[in-house]
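Just the heavy atoms: all of them, side chains too, but no hydrogens, waters or symmetry mates, feed the values below. Lettering of chains follows the sequences in order, A, B, ..., and the numbering in each one begins at 1.
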Protein chains: 2
Amino acid sequence: MTKIDDVARLAGVSTATVSRALRGLPTVSAATRSRVLAAAEQLQYAVSPSASRLAGGRTGTVAVVVPRITRWFFGVVVEAAEDFFHRAGYDLLLYNLGGREQNRQRVLYATHLHKRVDAIMLVATPLRATDVTALAALDLPGVTISSGTTVPGWPCVRIDDVAAARTATRHLLDLGHRRIAHISGDPDDELAFSAHLDRRRGHQEALRAAGLQPDPSLDVESSFDIAGGTRATEELLRRGDPPTAIFAACDEMAMGALTALRDAGLRVPQDVSVIGIDDHALSGVLGLSTIAQPAVEQGRLAAQLLLDPLCGRALDADVSKPDSSVILDTRLVVRDSTAPARAN
Amino acid sequence: MTKIDDVARLAGVSTATVSRALRGLPTVSAATRSRVLAAAEQLQYAVSPSASRLAGGRTGTVAVVVPRITRWFFGVVVEAAEDFFHRAGYDLLLYNLGGREQNRQRVLYATHLHKRVDAIMLVATPLRATDVTALAALDLPGVTISSGTTVPGWPCVRIDDVAAARTATRHLLDLGHRRIAHISGDPDDELAFSAHLDRRRGHQEALRAAGLQPDPSLDVESSFDIAGGTRATEELLRRGDPPTAIFAACDEMAMGALTALRDAGLRVPQDVSVIGIDDHALSGVLGLSTIAQPAVEQGRLAAQLLLDPLCGRALDADVSKPDSSVILDTRLVVRDSTAPARAN
DNA sequence: CTGAAAGCGCTTACAG
DNA sequence: CTGAAAGCGCTTACAG
């Protein structure tokens, strides 16, 4: 494999000059630079990332940690961030926790990320106090997306989950519903997406604002995915006196609810209204009403917040101070899964 | 940051011994090893990946290239492969082409992968002759999943797309359908998932075997996703004399078809039957009949084929020769979107 | 603007 | 089983 010495020899300059020319540093004369580029081209030279990193101290790599890449929100966020990172010349190391506590430990503790990446993006990763400490000890720039716990010095990009949930439940209330169930993730699951706690809170706030008392029998926890939505809804129906509406903490759970309701012979929205949060790619196909959240925008913005300082760019004043949260807007999207409650 | 010299000093051995002990090489006495481990533990030592790679020549990293991580099949494959890689101690560099030819060039040509990874996994990445040459020049082990073009020396994991499509169309024929449309990806798109060519072939073979001539007016190409399925179906309906059944080249296109049919006031399956290929996570929710393909298994198996040789493990005889394809089974799943053609 | 030299932090023959 | 030493291939002060 050709190395920097070969290029230096062919171009008739020192390796230091080759290094500078190839990286586009300004302290190289135009004539020298073009000679170096020609030599590198001719020899098909590519720098050795390992050598460059060891000598230079920067890895040109960022770590992205997600709970499950197969879930809609995380896939979209990663895609958007990946595009931004690669345009900026950074590589992306993917860590998919896959619901295994052990994986989270390995990534967050074990100094695994140490010297391996220049920056870290944590997507909806639940953090204990010890995790935050370990992360801070890494002394790397980072950003969190949709995270309940924040890391000192790291900005956070998210939506207002409480408000989004309030809007969802209020939509159902406005349609005349009173028996409104809520299905969401399991708070006992250490790896659970923490946003669901806020979503429950928003739901209950909306109920109370309408003069209703949250009914524990209408609140079921399960896993934060399609199967969880199905199980939670089945449980709901098993309890008897079914709700006239279900607010699912995410669209995937809402889809599971749709399945369970259909299997139980209940029609949506005639018998039961259903609404979720996300605006999943398939929500339109299913006619699912939802609170849309900007996933692409969250991924892109978080990537930018992470990289701009590394690239020496200044940030906008309103998001430039670390620890600051950027809250993006959500939007009620009414489709066919929600309808007025039947008079009774 | 503590380095290997610090550990060596504390343990009272040479850096060479620390290196050996930490990597678990057998040529270290038990007593020495535990002394080294204790010292490393005490100092919170973590090896510098860059230094280790430069000196050792191995990166402990594999590149995974996918067209779009947000599409069902690719997300599932990456998740399965990621799990396998991380268990084996390898990091995963994700390259999401995102439909941009430019991205493919950057990843496959520009020697970008050179010295950056130990192995490459290409998922449904269309390869031109020049790409294959560039890849071969990298001289790295690799594996392809669901790829039309193979790379010399790289095994390939896939399903039999022709057979899967044949089964889908035969299912429709068995139900009495004769006007069976096919919607699939755009062959002019350089970045297109190449499997759709095989799927069209299987479709046409099944028609001919039933004594039918493929009708060009019932064959529409679009993008290989939900929106593409919708557009293709709208085009189909615009042509007049609609088909009684649609075979979509993948479930996401089939879902788009469902939307278009509903919007056109056609009922599924009463007016039009629809079948896809995949068994997407939401196909059950939508009641979509399909040909299920094992995505997790393909990702896991491909990762194994890639890593086993690197880890010095022997492969099973039937898949051990490079260039060999491993073909996994598919299975017809009948749900509610396909029904007998109405007598007329 | 350019070069000589040191150094980044490991691993690997080689020798014992 | 262990160590001294060379070397992996770059980048970075430092000097000019």
Side-chain angles (χ1 to χ4, degrees), chain A residues 1-37 39-40 43-61 89 91 111-118 310 312, chain B residues 1-37 39-40 43-61 89 91 111-118 310 312:
Chain A
M1 294 285 81
T2 109
K3 36 204 208 184
I4 201 171
D5 308 73
D6 302 320
V7 179
R9 206 170 306 122
L10 181 58
V13 295
S14 70
T15 59
T17 297
V18 172
S19 174
R20 294 183 190 113
L22 257 26
R23 279 177 300 148
L25 297 191
T27 64
V28 180
S29 75
T32 305
R33 184 188 310 281
S34 60
R35 202 137 35 85
V36 169
L37 292 180
L43 296 174
Q44 294 248 58
Y45 172 70
V47 299
S48 156
S50 318
S52 171
R53 287 166 192 191
L54 178 57
R58 300 184 312 103
T59 66
T61 306
D91 269 327
T111 55
H112 179 87
L113 262 19
H114 172 67
K115 289 281 177 195
R116 202 171 293 263
V117 297
D118 295 336
L310 288 185
Chain B
M1 294 285 80
T2 110
K3 35 204 211 185
I4 201 170
D5 308 73
D6 302 321
V7 180
R9 206 170 308 121
L10 181 59
V13 296
S14 70
T15 59
T17 297
V18 173
S19 174
R20 292 181 191 115
L22 258 27
R23 281 176 300 147
L25 297 192
T27 64
V28 180
S29 74
T32 305
R33 184 188 310 280
S34 60
R35 201 137 35 84
V36 169
L37 291 180
L43 297 174
Q44 296 247 60
Y45 171 71
V47 298
S48 155
S50 318
S52 171
R53 288 167 191 190
L54 179 57
R58 299 183 314 104
T59 66
T61 306
D91 270 327
T111 54
H112 178 87
L113 262 19
H114 173 66
K115 289 279 176 198
R116 200 170 295 260
V117 297
D118 295 336
L310 288 184

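- In the set D:dC1, C:dT11, D:dG3, D:dC1 carries the atom at the smallest distance from any side-chain atom of B:Thr32.
- The separation between B:Ile4 atom CD1 and C:dC8 atom P is 14 Å, rounded to whole Å.
- Rounded to an integer number of Å, the gap from A:Arg53 CZ to D:dT12 P is 14 Å.
- With no hydrogens or angles considered, no side-chain donor-acceptor pair links B:Asp5 and B:Thr15 at under 3.5 Å.
- Protein atom CG of A:Leu54 is 11 Å distant from nucleotide atom P of D:dT11, rounded to whole Å.
- Residue B:Ser19 places at least one side-chain N or O closer than 4.0 Å to OP1 or OP2 of C:dT11.
- Between A:His112 and B:Asp91, the closest side-chain pair of non-hydrogen atoms falls below 4.5 Å.
- Regarding A:Asp5, its CG atom lies at a distance of 14 Å from the P atom of C:dA5, rounded to whole Å.
- OP1 or OP2 of C:dT11 sits under 4.0 Å from a side-chain N or O of B:Arg23.
- Closest contact between the side chain of B:Ala55 and the listed nucleotides C:dT11, D:dG3, D:dT2 involves C:dT11.
- Taking a pair to require two hydrogen-bonding distances under 3.5 Å in either a Watson-Crick or a G-U wobble arrangement, C:dA4 remains unpaired.
- Between B:Thr15 and C:dC10 there is no side-chain polar atom (N or O) within less than 4.0 angstrom of OP1 or OP2.
- Atom CZ of A:Arg35 is separated from atom C1' of C:dG3 by 14 Å (rounded to the nearest Å).
- Taking atom NZ of B:Lys3 as the reference point, atom C1' of C:dT11 lies 16 Å away to the nearest angstrom.
- Contact of the A:Arg20 side chain with the A:Thr32 side chain is not registered, since no non-hydrogen atoms from C-beta on lie closer than 4.5 Å.
- At whole-Å resolution of the value, CZ in A:Arg20 and C1' in D:dC10 are 13 Å apart.
- A salt bridge is absent between B:Asp6 and B:Lys3: the closest approach of a Lys/Arg side-chain nitrogen to an acidic carboxylate oxygen does not fall below 4.0 angstrom.
- For B:Ser29, the listed nucleotide lying nearest its side chain is D:dT2; candidates were D:dG3, C:dG3, D:dT2.
- A heavy-atom distance below 4.5 Å is found between the side chains of B:Leu37 and B:Leu22.
- B:Pro26 comes within 4.0 angstrom of the backbone, heavy atoms only, and of no base.
- Between A:Ser50 and A:Leu25, the residue whose closest nucleotide on DNA chain D is further toward the 5' end is A:Ser50.
- The phosphate of D:dA4 (OP1 or OP2) has no side-chain N or O of B:Ser14 nearer than 4.0 angstrom.
- Heavy atoms of B:Thr27 sit under 4.0 angstrom from at least one base atom.
- In this structure, A:Arg9 places its CZ atom 16 Å from C1' of C:dA4, rounding to the nearest Å.
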